[in-house]
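Read the structure below first, then the notes.
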Amino acid sequence: MRMVANRIAQSTIEVAVIILPESSIMSLASVLDPMRAANRVTGHEVFRWRLLSADGDAVMLTCGLSIPVDARFALPIVGDLLLIIGGFNLERYAGKRFLATLQECARHFDIVAGVESGCWLLGRSGLIKGRKATAHWEELEDFSRAFPELQVIGDRFVTDGKYWTSGGASPTFDMMLHLIAERLGPAIALDVASIFVYDQMHSPTDVQPFVSLGRMEARDPELAAAIRLMERTLERPMTVAALARRLSVSQRKLEMLFAKGLSTSPGAYYLRLRLQVSHRLVRDTGIPMRDVALRCGFDSLSAFSRAYRREYATSPTGMRSARSASVASEMSDEGGRHARP
C-alpha cells in the first residue's frame, strides 16, 4: 500500500469500515468524507470502501439515523485498511464471534484502526497487546485499567505499527488526513482539509482536550490557559486565588477574563466543568458514585449529590437508574422487533 502521488491513478486503497449501532454520525463522516474528498481532489478512485455491520442489517446511530450497509462483517475479507467504529453498549453488539472474526481479518489488512469505542474492540481482541493506544478522553482511565498491558496515552490519535486508534470524531478526521498525507502526499491532504475549511491539522501526538477551545487559544490565550489548568486539576480543584497565582495574573483579571469571554465567573465555570465530566461518568459507566465524586473533585458523596441535583434536577443515582431503565427498554424493543413470529 506504499504509494506516491504519480501512482494514484494506478492504485486503489481498499477499505472496509465496520460500523456498530449507537455510534456517532460524526465519527462515520470523519472516516468517509476525507476519502470521498481525496477521490474528488485527485480525480481518481484512490479510495474504495465498503460499509459492514455485525449482522448485515442497517445500523442505527446515536442521532437516530439508520445507515444501510453493503454486507455482513464475516470471513473472508481482505483489503488495505480496516476501520472499526464503535459507540455505546459494545457488549450488546460485539461478542466473542465478532472478536474472533476481527482477529482473523486483521491478518489480511495493512492498517487496522479503532475509532472511538472501536479501540476497546482492538483491546478486547488482543490485537494491540503491548502496544501504544488511545481512547476518548472520557474513557482513558478506564481503558488503561481494562488493558494494563497497553501503553495508554492521551494523544488525539496513535499509530503503532499497523494498529491505529483514535479518540473521537475530530481526531479521526486528523487521522484520515495523516493517512492521506502518508499515502498520497501532504499536498493532497492539504487540499482535502481545505475542502472542509479545516485549517488546524493536528499531529498524532497532540493531546486530547476536555474542552474544544477552537480559536480561543489564539484569540484569548490567557482564558484558554485557565481552562486547560482547570481540566488538569479536576480531581483536586484549586481556589480561584490559587488559579490566578498559577497563571501569574491577578484574581480580578482572571474574573474579568471569564466574565468577558464566557459570561460567567471562574468558580462557576470550574464547577460546571467538573459536573459535566461527572454527568458523563454517571450516565455512561458503572463506576461507583463515590469514585465519580472523587474523580471530579468532591470530597464527599453528599456534596457531590447536592451539586449534581442543583445542575441536573435529579440525583446521580436517579440519573443512572433512569438511564439503565431506558437501555433495558431499548433492548426489549429490539428483541421484539427481531423476534420470530
Side-chain angles (χ1 to χ4, degrees), residues 23-24 26-31 34 81-87 90 106 109-183 186 189-190 192-193 196 198-218 221 224-225 227-235 273 276-277 280-281 284-285 295:
S23 295
S24 162
M26 288 190 67
S27 292
L28 179 59
S30 291
V31 165
L81 172 62
L82 178 66
L83 291 126
I84 308 100
I85 304 174
L90 285 180
F109 284 83
D110 295 331
I111 294 176
V112 179
V115 172
E116 288 215 27
S117 293
C119 62
W120 285 80
L121 297 177
L122 294 184
R124 291 174 184 174
S125 68
L127 290 169
I128 55 175
K129 186 175 182 179
R131 295 180 179 270
K132 294 183 294 183
T134 193
H136 192 279
W137 65 263
E138 294 174 350
E139 300 180 321
L140 277 175
E141 188 172 339
D142 296 323
F143 188 63
S144 180
R145 186 182 296 112
F147 305 109
E149 71 279 7
L150 299 182
Q151 183 183 343
V152 177
I153 52 182
D155 294 351
R156 290 177 68 86
F157 66 95
V158 171
T159 63
D160 188 345
K162 67 182 284 181
Y163 294 102
W164 297 13
T165 48
S166 167
S170 178
T172 297
F173 195 94
D174 291 318
M175 184 179 74
M176 296 304 292
L177 291 176
H178 177 78
L179 172 72
I180 291 168
E182 185 178 87
R183 298 299 187 253
L190 185 59
V192 169
F196 298 99
Y198 190 71
D199 57 0
Q200 192 175 1
M201 294 171 64
H202 293 273
S203 70
T205 54
D206 286 349
V207 176
Q208 292 183 50
F210 286 7
V211 180
S212 296
L213 298 179
R215 294 186 179 276
M216 181 187 290
E217 290 184 290
I227 293 172
R228 293 294 181 233
L229 179 56
M230 290 176 177
E231 287 181 340
R232 296 195 300 270
T233 56
L234 289 180
E235 291 191 19
L273 180 60
Q276 285 176 337
V277 173
R280 297 183 185 110
L281 294 174
D284 302 329
T285 77
R295 282 194 192 188

Derivation and outcome, side chain to side chain contact (heavy atoms under 4.5 Å, CB included), residues L234 and R295 | CA-CA 7 Å; L234 289 180; R295 282 194 192 188; over 6 Å; no
State the OG1-CD1 distance between T165 and I84, to the nearest 0.5 angstrom.
-> 11.0 Å
Locate the shortest heavy-atom distance separating L150 from A133; write the atom from each residue and the value.
-> CD1-CB, 4.4 Å
Over all atoms of both residues, closest heavy-atom pair of A169 and E116 = N-OE2, 3.5 Å
Non-hydrogen side-chain atoms of E182 and T159 separated by less than 4.5 Å = no
Taking side chain as C-beta onward, heavy atoms only, is D160 less than 4.5 Å from I128?
-> no
Closest contact, heavy atoms only, A29 versus P34 = O-CD, 3.5 Å
Sequence neighbours excluded, which residues qualify as side-chain hydrogen bond (donor to acceptor under 3.5 Å, both in side chains) partners of R124?
-> none
Is there a side-chain contact between V115 and M175 (heavy atoms, below 4.5 Å)?
-> yes
List in chain and number order the residues that pass ring-ring contact (aromatic ring centres under 6.0 Å, His included) with W120, two or more places apart in sequence or in another chain; answer none if no residue qualifies.
-> F143, F147
Any donor-acceptor pair under 3.5 Å from S144 side chain to L140 backbone = no
Check side-chain hydrogen bond (donor to acceptor under 3.5 Å, both in side chains) between T172 and all other residues, then give those that pass, not counting sequence neighbours.
-> S166
Gap separating the CZ atom of F109 from the CG atom of L83, nearest 0.5 angstrom = 9.5 Å
By side chain to side chain contact (heavy atoms under 4.5 Å, CB included) - contacts of T233 (at least two apart) = L229, M238, Y270
What pairs with A106 under side chain to side chain contact (heavy atoms under 4.5 Å, CB included), at least two apart in sequence or on another chain?
-> V112, L127, Y163
Does T134 use its side chain to pair, donor to acceptor, with the backbone of D155 at less than 3.5 Å?
-> yes
Indicate the atoms forming the closest heavy-atom contact of R156 with P171, along with that distance.
-> O-CB, 3.1 Å
Answer whether the closest heavy-atom distance between the side chains of I111 and R183 falls below 4.5 Å.
-> yes
Sequence neighbours left out, what passes side-chain hydrogen bond (donor to acceptor under 3.5 Å, both in side chains) with E141? Give chain and number order.
-> R145
Atom of S117, atom of G87 and distance for their closest heavy-atom approach = OG-O, 2.9 Å
Just how far is it from atom OG of S30 to atom CD1 of I85, taken to the nearest 0.5 Å?
-> 8.5 Å
So C119 and H136, side chain to side chain contact (heavy atoms under 4.5 Å, CB included) or not? Walk me through it.
-> CA-CA 9 Å; C119 62; H136 192 279; over 6 Å; no
